[in-house]
**Q** 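Questions regarding the structure given below will be posed in turn.
We name chains A, B, ... by the order of the sequence lines, and we start the count at 1 in each one.
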Amino acid sequence: MHGAENDIIQFIDLNLFSVLFLFAVGFIGGLVSGFIGSGGAFVLTPGMMSLGVPGTVAVASNMCHKFPKALVGSIKRYKYGQVDIKLGVIMGVFAEIGVQVGIQVQKIILEKWGDAGSNLYVSFAFVAVLVIVGSFVMRDALKTSRSGGENSGPTLAKRLQRIELWPMVTFKRANLRISLWFILPVALATGMLAATIAVGGFIGVPGLMYIIGATSIVASATELVVAFVMGLGGTLIWAYYGMVDIRLTLIILGGSLFGVQLGAIGTTYVKEYMIKIVMGTIMLIVAVSRFLAMPKYLNQLGLTELGESSVKLMSQSSFVIMCIALLVGAGIILYSLFKARRQEMLEAQLTESAGA
Amino acid sequence: MQGVVAGEKPISEHQDGERGERGASCKDQRTILVVTRKGHMDEPVMDYALNVADRLGYGILAAYVNTLPKFRDGGERNRRFAAAASESAALFKDRARQRGILFESGEEAGKAGDAVSRLCHAAKRVEFVVIDKGIRREEVASKSPAPVFSVIYAKPELTRRKESLCGQQRNIGEYAMSGKSRKRHVARTFIFGAMAIGLYAAVFSNSAAIMSYFTKGGAYALLPVATVFLFSYIHGSFTSSFWSALGIENSKTVGQKAPRKSGEAVTADRARKDARPRAQVNA
């Protein structure tokens, strides 16, 4: 009886502010995910925790909203011919293994260095991955945009595709043929990152683009399938332990399904490199945010001795910057969507008047 | 079926008064019967028929079959179909004329197989039948006295905007015939919106009971998963129609931007695929 009461207490009471906050973050997160294949989760989990939701419930509820969102997004983008289901499912299944490996690594670190150590590891993983991959994506995006959208394609992927290593797999929609052995590490890394920082797509999408050789449109759309497979598996595990707060999930889902549709529509208007620009921008801003979160954990571990107030300020600005990352990404998407749409409508009017 | 016969009218009659030519030409000239059940015949099918007719010296008889003549919308669909068909037929005819091919067209109503059978018997020299996408080959083949070909091609969008003039001509009727009007999206928005609101209300008015069951764990894990699947369908349909109703839809060039175009991802030594339309016979 007592235990049951405790179980109920761990789920927060909802008020208007928290509902609106979750709905709005859900919408913006959905918009970004619909466009670049993932994202949004990195703000949602800390955001929910700041509302007083326990960490595990926040992660579980977030994951439970992620897979239906990814499902809706991938169906929408499948209609546009952007999704390679086979690639997504293969990646998703192996990413699930990566998630399990990631959880084990987390457990070992938690046992050795405690909570602060684990948090530091997560932040370090965030910063390292985001800075390295994010700057690579950004550099490539800027290079492509300067050359007017022309891209010779990733050279590494081309080389890997030439290596005939059994078993070779052909992906019709992605228009490529590559050995399964090169897909595995990308999928495992995606899963490991998803288990560590909740956004596997930051490795998954660049991996699909630069190592496997899919275009950014196909990569971001296929990542939604990966997110669906991973999210479904993860949710079943969390729900098995009764950690999913369905109310939070449904509120976020309420906003994110609006966003994911709009994000998916956006991909049909913009040039391919825009996906890379949005992704690179978000990754680099989030990296700054997580960098500012590190001193807190370093202090806790006794590695640094920074002043209490400055650490607090850094932690707060870390969260604000993370929200900015999401807002900037959403802003770029909406701006380029409506700009391209207006231009297309103008062109259509011109053609019509020329025809008449 | 009265409606079937009543709905039959050759377009060329009311277009440029070439009455009677159809009967004469069908008797004298070997003909290819090209059938579509869409308002606009797909371009690859048109091109294929024109190429073959040109090569063999045959004429073309294009039939636009309205398969839903009794659709209950006050005749709106029929009007749109007729408008789109006459537009498409005019384009087809223009192209045929440029290549010196004898061309006839007509609008039919009823099942595609019946229409083909009727036309083949009316015009004795139909050598073979070419069907557009959307018609099942088996259905036509079982009733047609002549061999039936369906045309295989990659994507209509890839060839659609090749000629800007044709693009302009198509566009007007294409929008008229697309059927997915704003009205339909608004209706869907309201239906799915009401369902979504109902579901949300149901969950949040019983949140205490729902939370106690959903967080029990074990086999109860399936409850939240099933719930979000249901919500993603209902609410997903709502949000999709919502943006469409607001007029925010995908770019019209989505087919052209399809990822298939990026040849750079393919290994260099792979042969390029032959994208030309080709026929498949009912044998």
**Q** Using a 6.0 Å cut-off, check whether atom CZ of B:Arg37 has over 12 heavy atoms from anything other than its own residue.
**A**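 Incorrect, the count does not exceed 12.
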**Q** Which atoms of B:Ile210 come close to chain A, meaning under 4.5 Å heavy atom to heavy atom: side chain ones, backbone ones, both, or neither?
**A**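 B:Ile210 touches chain A through side-chain heavy atoms alone.
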**Q** Check this for me: does any side-chain nitrogen of one of B:Arg79 and B:Glu76 sit under 4.0 Å from a carboxylate oxygen of the other?
**A**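 Answer for the salt bridge query: yes.
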**Q** Is the count of non-hydrogen atoms from other residues, nucleotides or ligands lying under 6.0 Å from B:Phe190 atom CZ greater than 12?
**A**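 No.
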**Q** Tell me, side chain or backbone of A:Leu71 under 4.5 Å from chain B's heavy atoms, or both, or neither?
**A**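 Just its side chain gets close to chain B.
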**Q** Count the heavy-atom pairs under 4.5 Å between each of A:Leu232, A:Ile178, A:Ile237, A:Asp245 and chain B, then report the option with the highest count.
**A**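 Between A:Leu232, A:Ile178, A:Ile237, A:Asp245, the count favours A:Asp245.
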**Q** Considering only heavy atoms, which portion of A:Leu14 lies under 4.5 Å from any heavy atom of chain B: side chain, backbone, both, or neither?
**A**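 Only the side chain of A:Leu14 comes within 4.5 Å of chain B.
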**Q** Can you tell me which of B:Gly217, B:Ala196, B:Pro224 forms the most heavy-atom pairs within a distance under 4.5 Å of chain A?
**A**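 Going by pairs under 4.5 Å, I would pick B:Gly217.
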**Q** If we count only N and O atoms by modelled type, under 3.5 Å, do the side chains of A:Ser33 and A:Lys69 hold a donor and an acceptor together?
**A**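 The answer is yes; a qualifying pair exists.
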**Q** Check each atom of B:Tyr220 against the heavy atoms of chain A and say whether the ones under 4.5 Å are side chain, backbone, both or neither.
**A**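 Interface part for B:Tyr220: neither.
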**Q** Can you tell which part of B:Tyr233 gets under 4.5 Å to a heavy atom of chain A, answering side chain, backbone, both or neither?
**A**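 No part of B:Tyr233 comes within 4.5 Å of chain A.
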**Q** Should B:Val203 and A:Leu250 count as side-chain neighbours, where that means a heavy-atom distance under 4.5 Å?
**A**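 A side-chain contact under 4.5 Å exists here.
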**Q** Which answer fits B:Ser240, side chain, backbone, both or neither, if we ask what part of it has an atom under 4.5 Å from a heavy atom of chain A?
**A**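 Answer is both: backbone and side chain atoms of B:Ser240 are under 4.5 Å from chain A.
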**Q** Looking only at side-chain N and O atoms, does A:Arg247 offer a donor or acceptor that is under 3.5 Å from a partner on B:Ser207?
**A**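 The criterion, which ignores hydrogens and geometry beyond distance, is not satisfied for A:Arg247 and B:Ser207.
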**Q** Any donor and acceptor pair, going by atom type alone, linking the side chain of A:Trp238 with main-chain N or O of A:Met63 inside 3.5 Å?
**A**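 Side chain of A:Trp238 to backbone of A:Met63, a donor-acceptor pair under 3.5 Å: no, none is there.
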**Q** For A:Asp84, is it the side chain, the backbone, both, or neither that has a heavy atom closer than 4.5 Å to a heavy atom of chain B?
**A**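 The answer is neither part of A:Asp84.
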**Q** Would A:Lys86 pass as a cation-pi partner of A:Phe171, given that its NZ or CZ must be under 6.0 Å from the six-membered ring centre and within 45 degrees of the axis?
**A**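 Checked: cation-pi criterion met.
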**Q** With a 4.5 angstrom heavy-atom cut-off, could you sort out which part of B:Leu199 is near chain A: side chain, backbone, both or neither?
**A**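 For B:Leu199, no heavy atom lies under 4.5 Å from chain A.
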**Q** For A:Ile75, is it the side chain, the backbone, both or neither that has a heavy atom under 4.5 Å from a heavy atom of chain B?
**A**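 Interface part for A:Ile75: neither.
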